[in-house]
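Below is one structure, written out as structure tokens, with a few remarks after it.
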Protein chains: 2
Amino acid sequence: MTCAESEPALTPADQKSPLITLTDVAAEAGVGESTVSRVLRNHGSFSEKTRAKVMAAVEKLGYVPNKIAGALASTGSPLVAIIVPSLSNIVFADVLSGVTKALEAKGHQAVFAVTDYDPAKEEALVAAVLAWRPAAVMLVGLEHTDGTRRMLHASGCRVLELLDIDGEAIDIAVGFSHHEAGRQTAARLLESGYRNIAYVGHDLKHDMRSGKRFAGFLEGLANAGLELAEQEIRDAPSSVSEGRAGLADVLSRGRPIDAVYFSNDDMALGGYFHCLAERISIPDQIALMGFNALDICRHTPQPIASVFTPRIETGRRAAELFLEGAPSQVVDLGFTIVAGATI
Amino acid sequence: MTCAESEPALTPADQKSPLITLTDVAAEAGVGESTVSRVLRNHGSFSEKTRAKVMAAVEKLGYVPNKIAGALASTGSPLVAIIVPSLSNIVFADVLSGVTKALEAKGHQAVFAVTDYDPAKEEALVAAVLAWRPAAVMLVGLEHTDGTRRMLHASGCRVLELLDIDGEAIDIAVGFSHHEAGRQTAARLLESGYRNIAYVGHDLKHDMRSGKRFAGFLEGLANAGLELAEQEIRDAPSSVSEGRAGLADVLSRGRPIDAVYFSNDDMALGGYFHCLAERISIPDQIALMGFNALDICRHTPQPIASVFTPRIETGRRAAELFLEGAPSQVVDLGFTIVAGATI
DNA sequence: TTGTATGCGTTATCAC
DNA sequence: GTGATAACGCATACAA
């Protein structure tokens with residue numbers, strides 16, 4: 001942490017000093033280039049003495065190996081591409097955390113992009129990241145354009161599809177069944193005696209997984225010979241405000257409602273806030289159920305009933321499977337219904 | 001979107017088919033390699049006829065340019081490294097969104113890493129990303145180890161420090177003054193007549209910026225000849241639960257408190273929930289003030305007073321300055337106090 | 001307008 | 001244990 005010499009007053013952009021290369025280090029250490037390479041990667045054989053010489057030279061020159069060149073010369077790439085629909089939803093940030101944490105321990109680098117839930121944009125981004133010859137591409141969900149699939153197939157790199165297993169996987173899929181989650185949620189509400197059930201959701205056009213949960217939920221109701229009493233599907237991404245407005249809308253229609261299923265916890269939290277503001281008693285007058293079991297909803301005055309989803313675990317597991325060189329497979333990490341105090 | 005031929009049943013990992021290169025395309029199109037390169041980058045001159053030939057060959061072979069090779073051959077790298085402290089805090093996800101959105105439009109790729117608020121880990125990550133010879137490195141905050149600074153200086157790439165301007169910038173800093181935000185927050189509470197003010201915060205050891213806000217807040221009180229009535233600093237990252245527990249703790253001490261300043265909105269939301277649970281009237285019995293003006297806190301039954309911070313804008317602006325090749329500078333994007341209904 | 005040759009900074013394959 | 005040398009796939013003069 002000592003820095004005896006004062007830094008030059010140059011802007012980083014100014015100094016055009018050609019960066020130190022392997023060749024410089026070799027010259028400084030008085031050894032061959034391949035020896036430096038071997039020492040630095042701790043690969044092959046060399047004497048302790050040369051090792052010291054090389055390390056001294058590296059230290060003295062402040063050499064940082066150029067991975068661009070390394071990746072080109074060697075066969076395998078240490079890059080992993082991660083493409084998520086959004087970052088405003090904490091769910092994807094969690095997955096990203098899980099992935100990067102597992103990856104950086106093994107010296108891999110994450111290359112990152114956001115699709116905004118647009119399959120066409122996803123295709124463009126896949127093309128862009130594929131140009132970096134990543135060892136693996138991680139995507140969210142199983143729904144992709146034909147072009148995306150084709151490129152992925154042709155690339156020859158591993159493909160990890162996260163957070164969904166309801167469908168055909170390209171290579172490896174890690175997640176859980178949203179359809180089943182919806183179905184079990186319906187069963188849970190019915191079990192508690194609710195019969196006049198409403199749904200408040202966000203745009204299922206773009207978020208395919210919330211659509212699958214909804215379908216599963218309807219199936220769960222149908223199994224008991226029931227239908228939804230009311231439904232309100234907002235034409236916007238999920239948010240607290242949409243959830244709040246959505247519940248207000250449903251209740252304004254006057255039909256008796258005793259439970260509401262929200263497309264996720266952000267929406268459910270909005271509904272919860274509406275009830276607080278309108279002094280609607282929970283769960284006596286209305287029961288609320290969300291999805292994801294976000295930390296925030298566990299600390300509301302009444303914890304909101306939800307479904308815990310293994311998000312960080314999904315990211316971590318996917319990274320591990322890739323690192324292990326695991327064969328193509330589908331990994332079901334499951335989910336857990338969390339009762340809370342709102343049902 | 002048509003896919004006439006059925007895909008081979010091979011696992012992506014199986015097919016070792018050597019990928020298509022520029023040379024293959026050149027051969028297929030019956031032109032030279034440089035011609036293909038020029039057409040693909042739309043740089044230099046070529047006839048419309050050869051362009052068509054090249055594009056046809058590219059299409060037919062499904063060629064994807066290798067940017068690794070491209071980056072090595074050309075001088076500049078299209079990679080931008082982004083290193084954030086965490087992703088569980090939506091603030092950094094916002095910044096990341098802003099950055100990537102502005103970047104991808106210009107064909108740049110984001111390389112990404114998370115420090116977990118650990119300066120030593122940040123140093124290691126900076127070393128790791130520098131190996132990819134990025135055109136720029138984006139970091140959060142102005143506090144870094146000497147080693148980090150030295151590497152950054154030596155790298156010769158642009159350095160963008162985000163979300164803070166209280167201190168010495170390496171190259172370009174984009175953000176606002178946390179010290180000033182804290183000071184103005186104190187002034188605002190005093191203006192509303194509050195005098196028995198408590199602070200509930202999270203670990204300032206790691207989150208330097210919350211420490212700066214706290215210092216500014218204390219200064220603001222001192223300017224009016226006041227001191228904090230109570231303070232509770234949790235030894236954990238900010239979260240709703242810590243905020244809730246922190247406020248409970250402060251109130252349990254029995255001293256009269258009429259306003260509480262939280263280190264951020266996550267903490268403030270926890271405090272708000274505590275008040276709801278304990279039927280503490282807001283702002284009559286206690287006023288609450290947070291920081292960041294997160295969307296979620298704008299939709300609670302009573303919107304929580306806070307300070308809006310330009311997070312996405314910070315990311316966007318930083319990316320733009322880099323893209324413009326702007327000179328070293330400090331950009332103050334400011335902040336805005338949002339009254340809400342809790343003060 | 002187009003093709004050829006050289007180099008980018010490594011890794012890997014050899015001889016030594 | 002060590003050091004030349006040939007790839008790696010592309011961009012960039014430069015020549016044609």
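In what follows, chains are A, B, ... by sequence order, proteins preceding strands, each numbered from 1.
An OP1 or OP2 oxygen of C/dT2 is reached within less than 4.0 angstrom by no side-chain nitrogen or oxygen of B/S34. The side chain of B/S37 contributes an N or O atom lying less than 4.0 Å from OP1 or OP2 of D/dA11. Listed pair B/Y63 / D/dG9 fails the phosphate criterion, with no side-chain N or O lying under 4.0 Å from OP1 or OP2. At C/dT2, one or more side-chain N or O atoms of B/T50 fall inside 4.0 Å of OP1 or OP2 (strictly under the cut-off). In terms of phosphate contacts, A/S47 brings a side-chain nitrogen or oxygen within less than 4.0 Å of OP1 or OP2 of D/dT2. Taking 4.0 angstrom as the limit, B/S45 places a side-chain polar atom (N or O) nearer than this to OP1 or OP2 of C/dT1. Not one side-chain nitrogen or oxygen of B/T35 sits closer than 4.0 Å to the OP1 or OP2 atom of C/dT2.
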Candidate pair B/R209 and B/D164, rule salt bridge (charged side-chain N to carboxylate O under 4.0 Å, His left out), full reasoning: CA-CA 7 Å; B/R209 289 166 297 290; B/D164 192 3; 5.1 Å; no
Audit row: B/E123, B/R149, salt bridge (charged side-chain N to carboxylate O under 4.0 Å, His left out) steps and yes/no: CA-CA 9 Å; B/E123 180 171 332; B/R149 288 173 191 285; over 6 Å; no
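Nearest-nucleotide mapping onto DNA chain D: of A/G30 and B/S74, the residue sitting toward the 5' end is A/G30. Where B/A69 and B/R51 meet DNA chain C, the nucleotide closest to each residue was compared, and B/R51 sits on the side nearer the 5' end.
Taking atom CG on A/L61 and atom C1' on C/dG9, their separation rounds to 15 Å, with Å as the unit. Atom pair A/K67:NZ and D/dC8:C1' shows a separation of 17 Å (rounding to whole Å applied). If you take CZ of A/R38 and C1' of C/dT11, they are 11 Å apart, rounded to a whole angstrom. Rounded to an integer number of Å, the gap from CG of B/L72 to P of C/dG9 is 7 Å. Here D/dA11 presents its C1' atom at 9 Å from CG of B/L22, a figure rounded to the nearest Å. Between the C1' atom of D/dT12 and the CG atom of B/L40 lies a distance of 16 Å, rounded to the nearest Å. Regarding A/F46, its CZ atom lies at a distance of 13 Å from the P atom of C/dT11, rounded to whole Å. Residue B/E33 contributes atom CD, which lies 16 Å from atom P of C/dG7 at whole-angstrom precision.
Comparing atom distances between the B/A73 side chain and each of C/dA12, D/dC10, D/dA7 picks out D/dC10 as nearest.
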Return all side-chain donor-acceptor pairs below 3.5 angstrom for residues 62-71 of chain A, not counting sequence neighbours, or 'none' if the list is empty.
from, atom 1, to, atom 2, distance (Å)
A/N66, OD1, A/I68, N, 2.8
A/N66, OD1, A/A69, N, 3.2

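Side-chain atoms of A/R41 do not come within 3.5 Å of backbone N or O of A/V36 as any donor-acceptor pair.
Using modelled atom types and a 3.5 Å distance limit, the side chains of A/R51 and A/S47 yield no donor-acceptor pair.
Donor-acceptor pairing under 3.5 Å, judged by distance alone, is absent between the side chain of B/R133 and the base of C/dG9.
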